[in-house]
Amino acid sequence: MATKAKAAETKVAVLKGKDAEEKVLEYMKRMNRPFGAVDVSANLKGAVPKTAAQKILVGLAERGELVQKTCGKTTFFVANQANLEDMPAEKLAGLEAEHKKADEENKALTAEARSLAGEVAKLKSTPTEEELTAAIEKVANAIKKARAHLEPLRAGTPLISAEESAQLDAEWVRWRGEWTRRRKIFNTFWGLATDALTPQQATELAEDLGVEWDTSEHTVLERGELCAPPSLLGKRRR
């Protein structure tokens with residue numbers, strides 16, 4: 001019951017006759033924008049029903065209070081601009097000054113907003129205390145781990161035993177020999193496959209097959225002590 005009573009209290013009274021006409025005309029002059037009957041009735045919260053609003057708008061247009069325009073199947077009405085009073089020069093100048101002041105304030109506020117946005121972006125990119133604590137802890141752990149690796153070197157302790165070193169040398173000699181053998185086989189077959197080709201055709205064939213040639217770094221490595229034969233390496237050391 002309380003809800004129904006409240007709805008009845010907020011219901012807009014429906015205007016009729018002269019009151020409805022004056023209300024519509026006052027609204028059209030105040031808004032000074034084109035409206036249809038449906039818009040006028042809705043904007044007046046139903047104080048003037050749609051059918052009545054249409055009749056009133058047409059009547060006002062016939063009397064010259066409004067101007068009627070038709071766009072397709074829709075009819076719009078707007079206040080007759082010839083009936084609107086001219087704005088005094090003093091009032092127009094005041095409005096222009098007010099507009100200029102508001103425009104300057106708007107520019108200042110825009111600049112301030114841009115500056116504040118930059119500060120916010122800077123704050124967002126700054127690590128939080130929790131993130132800084134985690135980062136410091138991570139770096140401290142990395143330093144601790146690195147120092148633990150350095151301790152044997154500082155104490156003069158060999159990182160690997162003589163047996164392990166000899167085993168690594170043997171593995172190196174074995175697999176380098178295997179690589180050398182396979183490279184020799186490849187060079188032999190590649191020479192046979194490209195014997196009848198021009199250098200350009202051979203290059204194109206290598207690109208199509210995805211052949212990767214030794215780089216200058218490989219050449220330097222091959223000529224270094226690491227790849228030197230054991231007998232020659234012994235002579236160099238002596």
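Residues Gly72 and Thr70 approach most closely at O-CG2, 3.4 Å, considering heavy atoms. Considering all non-hydrogen atoms of both residues, Met28 and Phe77 come closest at CE-O, 3.0 Å. Here the shortest heavy-atom pairing between Glu131 and Thr126 reads OE1-O, 4.5 Å. Across all non-hydrogen atoms, the minimal contact from Phe76 to Pro34 is CB-CB, 4.3 Å. The two atoms that bring Gly46 and Val14 nearest to each other are O-CG2, 4.1 Å, heavy atoms only. The minimum heavy-atom distance linking Lys29 with Ala79 is given by the pair CA-CB, 4.2 Å.
Note that CG of Leu123 and CG of Leu116 are 10.5 Å apart. Values are rounded to the nearest 0.5 Å. The CD atom of Glu22 sits 10.5 Å away from atom CD1 of Ile56, with the distance rounded to the nearest 0.5 Å. Note that the CG atom of Asn106 and the NE2 atom of His99 stand 9.5 Å from one another [nearest 0.5 Å]. Atom CD of Glu130 sits about 6.5 Å away from atom OG1 of Thr133, to the nearest 0.5 Å. Rounding to the nearest 0.5 angstrom, the gap separating the CH2 atom in Trp190 from the CG atom in Asp195 is 12.5 Å.
Looking at Arg33 and Val78, their side chains never come closer than 4.5 Å, going by heavy atoms from C-beta outward. Looking only at side-chain heavy atoms (C-beta outward), Thr75 and Gln68 come within less than 4.5 Å of each other. The shortest side-chain heavy-atom distance between Leu44 and Val24 falls under the 4.5 Å cut-off. Thr128 has its side chain out of reach of Leu132: every pair of non-hydrogen atoms, C-beta onward, lies at least 4.5 Å apart. Counting only heavy atoms from C-beta outward, the side chains of Leu25 and Leu66 approach each other to under 4.5 Å. At least one side-chain heavy atom of Ile143 sits less than 4.5 Å from a side-chain heavy atom of Arg147.
Comment: Lys107 does not engage Glu112 in a salt bridge, judged by the lack of any side-chain N to carboxylate O separation of less than 4.0 angstrom. Looking at Glu96 and Lys100, no side-chain N of the basic residue comes within less than 4.0 Å of a carboxylate O on the acidic one, giving no salt bridge. Arg30 has a carboxylate O that lies under 4.0 Å from a charged side-chain N of Glu26, or vice versa, which qualifies the two as a salt bridge.
The cluster map of Ile, Leu, Val, Met, Phe, Trp and Tyr, joined by side-chain heavy atoms under 4.5 Å apart, puts Leu197 and Phe186 in the same cluster. Both Trp213 and Leu205 are members of a single hydrophobic cluster when ILVMFWY side chains are connected at heavy-atom separations under 4.5 Å. If you chain together hydrophobic residues whose side chains sit under 4.5 Å apart, Val48 and Val38 never meet in one group.
Note on ring orientation: taking the six-membered ring where Trp is involved, the planes of Tyr27 and Phe35 are tilted (angle from 30° to 60°).
Between Trp179 and the options Arg181, Arg182, Arg183, a side-chain contact (heavy atoms from CB on, under 4.5 Å) holds for only Arg183.
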- Task: Would you sort out whether Thr198 and Gln200 count as a side-chain hydrogen bond (donor to acceptor under 3.5 Å, both in side chains), showing the intermediate values?
- Result: CA-CA 5 Å; Thr198 63; Gln200 182 177 356; 5.5 Å; no
- Message: Working note: Glu21 + Lys55, criterion salt bridge (charged side-chain N to carboxylate O under 4.0 Å, His left out); need CA distance, chi angles, decisive distance, verdict.
- Response: CA-CA 9 Å; Glu21 183 177 303; Lys55 292 180 180 179; over 6 Å; no
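In terms of modelled atom types and a separation under 3.5 Å, the side chain of Asn80 and the main chain of Val67 share no donor-acceptor contact. The backbone N or O of Lys122 sits less than 3.5 Å from a side-chain atom of Ser125, completing a donor-acceptor pair. At distances below 3.5 Å, not a single donor-acceptor pair connects side-chain atoms of Ser115 with backbone N or O atoms of Ala111. The closest donor-acceptor contact from the side chain of His218 to the backbone of Thr215 lies under 3.5 Å.
Atom CD of Glu98 is surrounded by 12 or fewer heavy atoms from other residues, nucleotides or ligands within 6.0 Å. More than 12 heavy atoms of other residues, nucleotides or ligands lie within 6.0 Å of CD in Glu151, so this atom counts as buried by the packing criterion.
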